[in-house]
2 protein chains.
Amino acid sequence: MSDILLNVHVVIFSLYQDALQVLLTPCSDPGFADCWELPGEPVQEDESLEDAAGRALSGRIDRREVYLEQLYTYGEPDWYPRFRIISVVYFALIPAGARRLSRPEHERWYPVNALPHLAFDHAGVIAYALRRLRYKLEYSAAGFQLLPDEFSLSELQHTYEIILGEELDKRNFRRRILQAGIIEDTPYLRSGEGRPARLYRYRLDAVAEVKARRLFP
Amino acid sequence: MSDILLNVHVVIFSLYQDALQVLLTPCSDPGFADCWELPGEPVQEDESLEDAAGRALSGRIDRREVYLEQLYTYGEPDWYPRFRIISVVYFALIPAGARRLSRPEHERWYPVNALPHLAFDHAGVIAYALRRLRYKLEYSAAGFQLLPDEFSLSELQHTYEIILGEELDKRNFRRRILQAGIIEDTPYLRSGEGRPARLYRYRLDAVAEVKARRLFP
DNA sequence: CCAAAAGTGTTTGCTCTACACCCATGG
DNA sequence: CCATGGGTGTAGAGCAAACACTTTTGG
């Protein structure tokens with residue numbers, strides 16, 4: 001036990017420039033020069049795992065605006081060379097506009113389909129997080145976690161299209177999202193080019209996960 | 001780190017006497033007399049988490065016949081009194097007929113709807129594992145993991161009904177399970193009372209999870 | 001008045017659901 | 001031959017998919 005290190009790592013997703021991006025930091029391990037890795041922190045003796053994940057976010061992002069969910073715990077003895085490390089991995093969705101970097105000299109956002117060389121098995125971890133995110137979108141409405149508090153339906157649809165990697169029908173998308181009852185309209189409009197768009201917000205009283213059609217309803 | 005204990009615990013499900021049951025062991029913590037807890041093991045320095053979970057099963061069950069999946073990692077500082085324990089929890093489905101107990105004097109199977117007093121938050125863990133199991137049944141076909149290698153469709157349906165806690169239509173159930181393509185028939189029949197039943201088995205080449213209707217197909 | 005993006009309904013096909021009777025065997 | 005559980009099809013309803021034009025604003 002005493003020689004097992006316990007870490008958390010966080011896959012931090014954000015939308016930026018029409019792409020889903022992940023925050024990476026240069027790998028500190030000397031065996032992985034010119035590699036990148038997921039932000040992580042050792043777990044302190046008196047903090048919860050989620051707090052440790054919050055620390056990995058903090059300085060980078062205001063933790064309160066962030067959706068955070070545990071992804072998986074990796075603990076193969078050979079996952080890291082030289083050390084036995086257990087890593088509890090979380091994934092985070094941070095809303096567009098909250099992308100503040102306190103250490104821009106080190107860290108970088110990378111689009112998920114153009115990742116640099118990654119240390120350890122972090123490429124596999126990101127791939128799994130992405131699979132889970134896509135899956136979440138399909139049976140819930142997690143997409144707005146990547147948008148500001150208020151957003152138009154077109155922005156939400158665009159978010160879904162970026163993450164799922166496919167085009168969606170506008171009318172069907174709107175009907176379904178509204179029928180699910182997870183967002184509500186606001187009195188506000190966003191002006192830009194063309195006709196202004198009505199803004200919507202997440203309904204705090206909505207259940208988090210909308211069950212899609214089940215195999216045995 | 002050095003004062004954080006790393007354990008695995010396993011929620012071991014099995015079908016027995018028309019009920020879904022969980023294997024429990026008397027709580028060893030002196031602060032929880034007359035309580036029960038989930039079987040667990042400390043993680044050794046050179047073994048994977050899954051191997052540790054396998055150790056928690058072994059002696060109890062032949063590990064190879066067991067479906068094992070990571071559930072969640074619990075690590076609140078106050079989850080256990082006096083110690084800081086991180087617990088990686090797995091859940092296991094063991095096929096009917098493989099319920100061998102090597103330590104019957106200590107351990108017991110309890111139906112999930114008649115659990116004894118449980119130590120720590122293990123009642124919450126079991127409830128979560130049960131939710132996940134039900135959910136798995138709804139969008140995949142995990143039910144046969146609780147049955148022997150070969151089973152009749154009625155037995156499979158019965159399994160689903162026990163776990164989901166509701167009755168299912170026989171014809172619709174059969175049609176859907178067969179259409180999903182995850183099981184195949186065998187030349188064998190099981191004789192009993194009434195007309196003999198055709199036996200089926202899990203198709204090894206089938207994908208593990210059958211996606212149900214998605215929100216955005 | 002033109003460009004740009006927002007917003008809006010209907011028809012068609014498919015899938016899910018509900019439902020009742022005959023079949024094969026053992027005793 | 002009777003009791004017991006195994007096995008089978010169809011009609012109707014509800015849901016999802018495909019699809020094109022009108023509306024509102026800014027320049």
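Lettering follows sequence order; numbering is per chain, from 1. Computation of the quantities below employed the complete heavy-atom set of this structure, encompassing side-chain atoms and omitting hydrogens, waters and symmetry-equivalent molecules.
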Please set out all donor-acceptor pairs under 3.5 angstrom arising from side-chain atoms of residues 32-40 of chain A, sequence neighbours excluded.
unit_1	atom_1	unit_2	atom_2	d
A:E37	OE2	A:S28	N	3.3
A:E37	OE2	A:S28	OG	3.4

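- Applying the side chain to side chain donor-acceptor pair (under 3.5 Å) test to B:Y74 and every residue at least two apart in sequence or in another chain returns nothing.
- One donor-acceptor pair, N or O on each side, does fall under 3.5 Å between the base of C:dG9 and the side chain of A:R175.
- Position along DNA chain D of the nearest nucleotide to A:D169 versus B:K170 favours B:K170 as the more 5'-ward residue.
- For A:R190 and C:dA6, the shortest distance from a side-chain N or O to OP1 or OP2 is not below 4.0 Å.
- Between the P atom of C:dA5 and the NE2 atom of A:H158 lies a distance of 11 Å, rounded to the nearest Å.
- For A:E155 (side chain) and A:S152 (main-chain N/O), a donor-acceptor pair under 3.5 Å exists by modelled atom type.
- The distance from atom CD of A:Q157 to atom C1' of C:dG7 is 12 Å, rounded to the nearest whole Å.
- For B:E76, there are no side chain to side chain donor-acceptor pair (under 3.5 Å) partners at least two apart in sequence or on another chain.
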Return the polar atom pairs (N/O with N/O) between nucleotides 24-27 of chain D and the protein under 3.5 Å, or none.
unit_1	atom_1	unit_2	atom_2	d
D:dT24	O2	A:R195	N	3.4

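- In this structure B:E193 satisfies the side chain to side chain donor-acceptor pair (under 3.5 Å) test with no other residue, sequence neighbours excluded.
- At whole-Å resolution of the value, CD in A:E155 and P in C:dG7 are 10 Å apart.
- Rounding to whole angstrom units, CD of residue A:E167 and P of D:dA18 are separated by 13 Å.
- Taking atom CZ of residue A:F173 and atom P of nucleotide C:dA6, one finds them 12 Å apart after rounding to whole Å.
- With sequence neighbours excluded, no residue forms a side-chain contact (heavy atoms from CB on, under 4.5 Å) with B:D149.
- If you look at A:Y160 and A:F173, their ring centroids are closer than 6.0 Å.
- When distances are taken from the side chain of A:R176 to each of D:dG6, D:dA17, C:dG7, the shortest belongs to D:dA17.
- Taking atom CG of B:L168 as the reference point, atom P of C:dC19 lies 15 Å away to the nearest angstrom.
- Applying the 4.0 Å criterion to OP1 and OP2 of D:dA16, one finds that A:R171 has every side-chain N and O outside that range.
- Put simply, CG on A:N172 is 14 Å from P on C:dT8, counting in whole angstrom units.
- When heavy atoms are screened at a 4.0 angstrom cut-off, A:R174 is found touching base atoms of the nucleic acid.
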